[in-house]
Protein chains: 2
Amino acid sequence: MLSMSTFCYAVLVIQRPYHHGDLRSALLSRAEETLREAGVDGLSLRELARDIGVSHGAPRRHFRDRRALLDSLAVEGFARLRGALEEAASPVPERSFEGTLSTVAVAYVTFATDNPALLELMFTSKHQAGASTELHDAANASFATMAALVEEGQARGELTEGDLERIGLVLFAMLQGITSLANTKMIDSRQLDQLTGYAVEALLHGLAPRTESAAGSHT
Amino acid sequence: MLSMSTFCYAVLVIQRPYHHGDLRSALLSRAEETLREAGVDGLSLRELARDIGVSHGAPRRHFRDRRALLDSLAVEGFARLRGALEEAASPVPERSFEGTLSTVAVAYVTFATDNPALLELMFTSKHQAGASTELHDAANASFATMAALVEEGQARGELTEGDLERIGLVLFAMLQGITSLANTKMIDSRQLDQLTGYAVEALLHGLAPRTESAAGSHT
DNA sequence: ACCTGAACACCGTTCAAGT
DNA sequence: ACCTGAACACCGTTCAAGT
């Protein structure tokens, strides 16, 4: 009576079946862990295959090369980033534009600092020579959320009516810069949200003293 | 009469002397070229040794490992960055604070986009676990230039009297963000200086319309 | 359709031995 | 003091062969 269950145990745990079943997602999911723990440089296809219990040639059926696997991780990352940004940007009654902008900004830097290696991978992948259209689409969908936010700010009269792209780039550069400083430990993670809010405020209202109007610097 | 010069030719060009003479600087200088052409990932100690014409074990006398060579490149990079920033910040009669700040900002993003792989290496090296004090000192010397600029702005009454570190971080984040966008080709290099100037202006005077003072968003 | 395993051409690192 | 060259343990990629 026990022979069948013993046999199954052996097949499922000790001696894996010849076909893994869902090697592709197993690779991606393990790869994301390794990415988080060891960075892009610490991610090796052979080690991945070893961890999962499959031969080192097996991943090739699902990813042409290492680059292809990294690109898939990046696409997944952009999709998750987009979700986080859209949730933060979703309308809340009584919330000021500055409040919404701050919330979205904090959502961005939170994602970025929770997934430092992934974020870096996302941008280097997108920047690559032969980046897939799938990757570009995923990236653009993320950015579209932020562009919509700038348009909303202009419509509500809380952002200057200048070139949409220019304003969007400056805002995005600010977020990316804070991210970069946080991920290289130049900003303490405890003061991250506070600094992000301060940066949004500075960007909206300026760092120059506002009490006196354009005091001459000499004479 | 020709035998001596022929001998020298053979020694110097065909058959290299056993001792290279200045292998350390030869490695660093070739490494910087490779870094520029192929990025950090494309830099291999063995290839470097091959290019210079020395055995693959030779670099070990001068750099304990690959990391040590990269760190030396980073230190060199911070020294050059500091030079560029100090030149841009050096006093010019009749120049407004905003003018100086813009000039320094442009100097930073110019260095960063002229040496994209080097800049990335500089920050990842500094961020490393066992980063040398030499590296930290070189990095801090670069940042000190920018901190001095913020203090000057406050002294001239053109920057709000808030926390020096907070203001410095926001400014620096902006520059680092623009750098990141430029190096991933999200900003066209032709409009880089212009956008940098615009970002400085936005940071000083704000992106919110200034004609009406704090218009309520509802009611 | 999916996976294995040998083969190839690369790495970084170590270290006894050579000059 | 500096460099060589064999050795070791890793890679990514390819591909005939197995199930």
Side-chain angles (χ1 to χ4, degrees), chain A residues 7 10-31 34-35 37-74 117 121 124-125 128-130, chain B residues 7 10-31 34-35 37-74 117 121 124-125 128-130:
Chain A
F7 172 75
V11 167
L12 290 174
V13 177
I14 307 285
Q15 184 202 337
R16 280 216 156 73
Y18 192 84
H19 286 68
H20 177 277
D22 201 359
L23 182 54
R24 199 192 130 92
S25 19
L27 284 166
L28 282 175
S29 127
R30 181 73 189 116
T34 312
L35 184 67
E37 289 160 12
V40 190
D41 290 350
L43 201 160
S44 120
L45 282 184
R46 289 179 103 110
E47 190 182 4
L48 228 51
R50 240 181 281 128
D51 288 351
I52 293 175
V54 86
S55 82
H56 68 258
R60 235 227 158 198
R61 187 69 29 189
H62 304 280
F63 301 100
R64 201 170 1 156
D65 53 19
R66 185 174 182 272
R67 193 65 256 172
L69 185 142
L70 295 179
D71 284 359
S72 290
L73 284 176
L121 175 63
T124 54
S125 297
Q128 239 179 140
Chain B
F7 171 74
V11 167
L12 292 174
V13 177
I14 307 287
Q15 183 203 339
R16 281 212 155 78
Y18 191 85
H19 287 67
H20 178 277
D22 201 359
L23 183 54
R24 199 192 130 90
S25 21
L27 284 166
L28 282 175
S29 128
R30 180 73 188 117
T34 312
L35 184 66
E37 289 160 14
V40 190
D41 291 348
L43 200 160
S44 119
L45 282 183
R46 288 179 103 110
E47 191 182 4
L48 227 52
R50 241 181 279 128
D51 288 351
I52 293 175
V54 87
S55 83
H56 68 258
R60 235 225 157 200
R61 187 67 31 188
H62 305 281
F63 301 100
R64 202 175 357 163
D65 53 20
R66 185 173 182 271
R67 193 66 258 173
L69 185 141
L70 294 179
D71 284 358
S72 289
L73 285 176
L121 174 64
T124 54
S125 297
Q128 239 180 139

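Every heavy atom of this structure was used, including side-chain atoms; hydrogens, water molecules and symmetry mates were not. A, B, ... follow the sequence lines: proteins, then strands. Residue 1 opens every chain. For clarity, every value in this text was computed on a predicted model and none was experimentally measured.
- Heavy atoms of other residues, nucleotides or ligands lying less than 6.0 angstrom from CZ of B/R64 number 12 at most.
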Exercise for review: Begin from the C-alpha positions of A/L48 and A/L69 and carry the test side chain to side chain contact (heavy atoms under 4.5 Å, CB included) through to its verdict.
Suggested key: CA-CA 11 Å; A/L48 228 51; A/L69 185 142; 3.9 Å; yes
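- In this structure, the separation between CG on B/L45 and CG on B/L70 is 8.0 Å, given to the nearest 0.5 Å.
- Remark: A/R30 engages A/E33, A/D51 in a salt bridge (charged side-chain N to carboxylate O under 4.0 Å, His left out) (not counting sequence neighbours).
- Distance check: A/S55 OG to A/R50 CZ gives 12.0 Å after rounding to the nearest 0.5 Å.
- To the nearest 0.5 Å, the span separating OG on B/S29 from CZ on B/R24 amounts to 12.5 Å.
- Taking NE2 from B/H20 and OG from B/S25, the interatomic distance works out to 8.0 Å, rounded to the nearest 0.5 Å.
- For the residue pair A/S72 and A/F63, the shortest heavy atom distance occurs at OG-CE2, 3.5 Å.
- Atom-to-atom distance recorded for A/I52:CD1 and A/L27:CG is 4.0 Å, nearest 0.5 angstrom.
- The nucleotide range of DNA chain D contacted by chain B, defined by atoms under 4.0 angstrom from heavy atoms of the protein and reported 5' to 3', is D/dA1 to D/dA7.
- Heavy atoms of A/R67 sit nowhere under 4.0 angstrom from any nucleic acid atom.
- The CD atom of A/E47 lies 6.5 Å from the OG1 atom of A/T34; values are rounded to the nearest 0.5 Å.
- In this model, no donor atom of one side chain and acceptor atom of the other lie less than 3.5 Å apart for A/S44 and A/R66.
- Residues of residues 56-63 of chain A that place a heavy atom closer than 4.0 Å to DNA chain C, in numerical order, are A/H56, A/G57, A/A58, A/R61, A/H62.
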Review point. So what's the dot-bracket for DNA chain C: Watson-Crick or G-U pairs under 3.5 Å, [ ] if a pair crosses, | if it pairs off-strand?
Key: ||.|||||...|||||.||
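- The shortest distance between side-chain heavy atoms of A/R67 and A/S125 falls below 4.5 Å.
- Between B/L73 and B/L28, the closest heavy-atom pair is CD2-O, 3.7 Å.
- Listed here is the closest heavy atom pair of B/A58 and B/H62: O-CD2, 4.1 Å.
- Residues of residues 21-30 of chain B having a heavy atom closer than 4.0 Å to DNA chain D, listed by number: B/L23.
- Interface residues of residues 39-47 of chain B facing DNA chain D, ordered by number: B/R46; criterion, heavy-atom separation under 4.0 Å.
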